[in-house]
2 protein chains.
Amino acid sequence: MVVGVDDMAADGAARLPAASRPGGRTARVRAAALRATEDALIEVGLARLDLADIARRAGIGKTTVYRRWRTVPALIADLLADMAEQSSPRSDTGSLAGDLLANAHLVQRTLTDARQGALFRAILAAALTDTDTAEALRRFYEARISEWEPCVYAAVERGELPAGTDAREVIRAVSAPLYHRLLTGEDIDPTHAEHAAATATAAARAGAYRP
Amino acid sequence: MVVGVDDMAADGAARLPAASRPGGRTARVRAAALRATEDALIEVGLARLDLADIARRAGIGKTTVYRRWRTVPALIADLLADMAEQSSPRSDTGSLAGDLLANAHLVQRTLTDARQGALFRAILAAALTDTDTAEALRRFYEARISEWEPCVYAAVERGELPAGTDAREVIRAVSAPLYHRLLTGEDIDPTHAEHAAATATAAARAGAYRP
DNA sequence: CGACTAACGGCACCATGGTCCCGTTAGTCA
DNA sequence: TGACTAACGGGACCATGGTGCCGTTAGTCG
């Protein structure tokens, strides 16, 4: 088998636009493929996903999809890398309880939204069956958590929380119970968001997030 | 198409041993299929699962598997129903913190164990892509939570917690952060279990689980 | 204990997702 | 602005998972 540069996509995670030729078309193809993947995941779900269908939606060749990403998880991992780059701004309400509530509501709305919710379910399912996707998901959350952790630093400075509080753990604690409900397909309403935020706030105040 | 009684498995969730003939062989076949499903999920994972392979492992006919369960998610949902029936006893250490810690360690060990962890990852992935499986998963957790909620009632009676504390929410709060780590493929060690238990305890004491 | 039939099993068949080959398009760089 | 080649696209081909048919096995019940 003669391996051209053409055939090298199989090295672990999906690669970003190739180093040697990052220009227009490659980037356009990637963007179209990722949007199509998003749509397909939302409409038909992970289980019935078909790379040929994605190619059709994206208006690109089926061969291209197989060559560049090779597998469904690799494609999703690349989608996650793309999502991690788009940042959503945090709130700053002036109190820890308010900030965490805003965060909880954001997560709640995302997971409840018809499109976003379906997308996240599919992505989480993919992450559970593929380590590269899991790694990409971790990076995605790293980015989101980094966005929100200043809330906790501010609360420590205001004297709301004990010094040494693990900011990232506090942020994670807000969304964990909401994701747990997502797993079992239970509904997630604003009440649950409020509970999640209140619980994390109480635990943080009690000093439960110091190592 | 002549529909015999033979062909009626497609009504939603997988059925339990048929009402009219619950006896020996049917039950044996089901048990063998569920054990084989467990093994296959652990060894090859959800993505590469093959019903013919499961039939081979179970020593039963491929046709039988397709006829009785129809799809992979239906088979997994039936596996979950089976798992829900096997109860694991709770601990009683005499204090809420101790009981929740015991629960957290149990969850931590389960998710960390090579076989059980892989099995849970596959099951959660299936639940995220199929509502019947999600429903079965919900029932499974209902059973587990019911087993442990007396810890909380006891703590209320001892005066450790305020009256009106939502027992089920407290139990869920212990495992939620551990499952959240599972999603992203992060390691889960006893330290994380201790944090999860301590956090839930602190939040419960602070009255965060009253509606 | 023998007839009845639900449920199982083997096998051939078929649909469809994934691979391969090779010609085409379009960034890149002198 | 033209040669070079990375990357794309079409379509034939192939492997494999899922279905249908029909004979066989073994609980059930009189």
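Just so we're clear, the structure is a prediction, and the values are computed from it rather than from any experiment. Every chain is numbered from 1 and lettered A, B, ... according to where its sequence line falls, protein lines coming before strand lines.
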Per [X] side chain, nearest of listed nucleotides [options]:
X: B:Y66; options: D:dG17, C:dC8, D:dG9; value: D:dG17
X: A:R25; options: D:dG18, D:dG27, D:dA6; value: D:dA6
X: A:T63; options: C:dC20, D:dG27, D:dA12; value: C:dC20
X: A:V29; options: C:dG27, D:dC8, D:dC21; value: D:dC8

Can you find a donor-acceptor pair, distance only, under 3.5 Å between [X] side chain and [N] base?
X: B:T26; N: D:dG27; answer: no
X: B:R67; N: D:dG20; answer: no
X: B:K62; N: C:dG9; answer: no

To the nearest angstrom, how far is [X] atom [atom1] from [N] atom [atom2]?
X: A:I60; N: D:dG9; atom1: CD1; atom2: C1'; result: 10 Å
X: A:R30; N: D:dA7; atom1: CZ; atom2: P; result: 14 Å
X: A:R56; N: D:dG9; atom1: CZ; atom2: P; result: 14 Å
X: A:L49; N: C:dG18; atom1: CG; atom2: C1'; result: 14 Å
X: B:R70; N: D:dG18; atom1: CZ; atom2: C1'; result: 9 Å

> CD of A:Q116 to CZ of A:F120: how many Å apart, nearest 0.5 Å?
Replying inline: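 Rounded to the nearest 0.5 Å, the CD-CZ separation comes out at 6.0 Å.
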> What do you reckon, is CZ of A:R139 surrounded by more than 12 foreign heavy atoms closer than 6.0 Å?
Replying inline: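 No, because the 6.0 Å sphere around CZ of A:R139 holds 12 heavy atoms or fewer from other groups.
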> Between the side chains of B:E149 and B:Y153, is a donor N or O closer than 3.5 angstrom to an acceptor N or O?
Replying inline: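 On atom types as modelled, these side chains qualify, holding a pair under 3.5 Å.
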> Does the side chain of B:T93 come under 3.5 Å of the side chain of B:D99 through a donor N or O and an acceptor N or O?
Replying inline: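 Yes - a donor-acceptor pair under 3.5 Å links their side chains.
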>> When you measure from the side-chain N and O atoms of B:R48 to the phosphate of D:dG17, is any distance below 4.0 Å, counting only OP1 and OP2?
In response: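 No, no such contact exists.
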